[in-house]
Amino acid sequence: MKRAEQVIVNMADAGYITQEKANKARAAMPAALSGRKNIAESNLYFGDFVLEQLPEFISNIEEDVVVTTTLKPDLQVAAEKAVKEVMDKDAEKLAASQAALVAMTPDGAIRAMIGGRDYGESQYNRATQSQRQPGSSFKLFVYLAGLEAGFTPDSMVNDAPISIGSWSPKNYTGEYLGEIPLRRAVANSINTVSIQVSEQAGRWNVINMA
């Protein structure tokens, strides 16, 4: 509010607006945005992300620009609602304090991005700035190769001890869940299942996918 009032004073002093318009603008404060619907606070995560990318595309500029992005407001609102519902329901049970979500088209266009539970509390974008173990990150290619080989999110897989030659990998928790759908194995980043998917899809298919 103070900054807005100072801008109005400066505009009048510099001759951009008349004193009469300045007085009218100050009397109408605070201003309200209009003409926009389906605004999600989480848009700010994506906005920050876009601003960080701009210098690589347009270098330094000294004029206003219009940037058209791939974000879909309706999907962003739905994504924000989904994250809130999951966190309200399961955060305490999972000992989770934050969540992130990215929805993209196959060609990489970002349709929705949630960088955290509350932008007001934390501007740290967990969708773009946080890091993950390389082994867990690589599972993306394993499961994508698996989907192309015929697996579906509902395919039942067996989370159990496994040995390949002298190699006997284990899960991070040291526990096994038995028969579970593939979607749960992905969600829990289960090592034994990703190895089985890799073996069935074919190691070279996984490598080529990566």
Side-chain angles (χ1 to χ4, degrees), residues 1-134 136-137 140 186-187 189:
M1 285 285 292
K2 291 179 180 179
R3 182 62 181 160
E5 187 169 355
Q6 185 61 53
V7 169
I8 292 172
V9 171
N10 291 350
M11 291 177 70
D13 290 345
Y16 287 103
I17 59 175
T18 64
Q19 190 60 50
E20 181 182 359
K21 285 187 176 180
N23 293 339
K24 187 177 294 185
R26 293 171 67 184
M29 292 174 65
L33 295 177
S34 62
R36 298 288 299 278
K37 297 180 180 178
N38 292 335
I39 298 300
E41 183 188 2
S42 55
N43 280 347
L44 298 173
Y45 286 113
F46 184 72
D48 290 346
F49 171 71
V50 170
L51 288 175
E52 290 171 2
Q53 312 303 311
L54 280 182
E56 298 181 18
F57 293 93
I58 59 177
S59 189
N60 294 321
I61 58 171
E62 297 181 358
E63 57 194 37
D64 292 343
V65 295
V66 175
V67 179
T68 302
T69 74
T70 57
L71 198 78
K72 295 293 185 183
D74 290 346
L75 293 181
Q76 182 71 11
V77 170
E80 186 176 85
K81 180 181 178 182
V83 168
K84 183 179 186 305
E85 288 178 351
V86 169
M87 292 299 287
D88 288 347
K89 178 183 176 184
D90 297 326
E92 185 175 352
K93 179 177 64 178
L94 299 174
S97 60
Q98 284 291 351
L101 181 153
V102 179
M104 299 191 301
T105 59
D107 63 356
I110 298 174
R111 298 307 191 193
M113 174 186 288
I114 309 294
R117 190 173 187 176
D118 188 327
Y119 183 89
E121 292 182 1
S122 172
Q123 292 79 54
Y124 181 73
N125 190 337
R126 291 152 190 85
T128 61
Q129 295 173 295
S130 61
Q131 298 181 346
R132 189 173 177 86
Q133 294 180 17
S136 293
S137 298
L140 167 69
V186 174
S189 192

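Only heavy atoms go into these numbers, but all of them, side chains included; no hydrogens, no water, no symmetry mates.
The salt bridge (charged side-chain N to carboxylate O under 4.0 Å, His left out) contacts involving residues 90-107 comprise D90-K93, where partners must be two or more places apart or lie in separate chains. Judged as a ring-ring contact (aromatic ring centres under 6.0 Å, His included), the pairs with a partner in residues 79-129 (not counting sequence neighbours) are, in order, Y45-Y119. Screening residues 59-85 for ring-ring contact (aromatic ring centres under 6.0 Å, His included) gives no qualifying pairs among residues at least two apart or on separate chains.
How far CG of L75 is from CD1 of I110: 13.0 Å, rounded to the nearest 0.5 Å. Here the CE atom belonging to M29 is positioned 4.0 Å from the CE atom belonging to M1, to the nearest 0.5 angstrom. For the atom pair CD of Q123 and CD of Q129, the computed distance is 10.0 Å after rounding to the nearest 0.5 Å. The distance from atom CD1 of I114 to atom NZ of K84, rounded to the nearest 0.5 Å, is 13.0 Å.
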When the side chains of residues 49-57 are checked against the rest of the protein, which donor-acceptor pairs come out under 3.5 Å, sequence neighbours left out?
unit_1, atom_1, unit_2, atom_2, d
Q53, NE2, F49, O, 3.4

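Every side-chain contact (heavy atoms from CB on, under 4.5 Å) that A22 has, sequence neighbours left out, goes to I8, A12, I17, Q19. Evaluation of the salt bridge (Lys or Arg N to Asp or Glu O under 4.0 Å) rule for E5 yields R26 as partners, not counting sequence neighbours.
Checking side-chain atoms of Q76 against main-chain N and O of L71 turns up no donor-acceptor pair under 3.5 Å. Side-chain atoms of T70 never come within 3.5 Å of backbone atoms of R111 as a donor-acceptor pair (strictly under, hydrogens ignored).
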(request) For the pair D88 and R117, evaluate salt bridge (charged side-chain N to carboxylate O under 4.0 Å, His left out) and give the outcome as yes or no after the intermediate values. (result) CA-CA 10 Å; D88 288 347; R117 190 173 187 176; 3.2 Å; yes
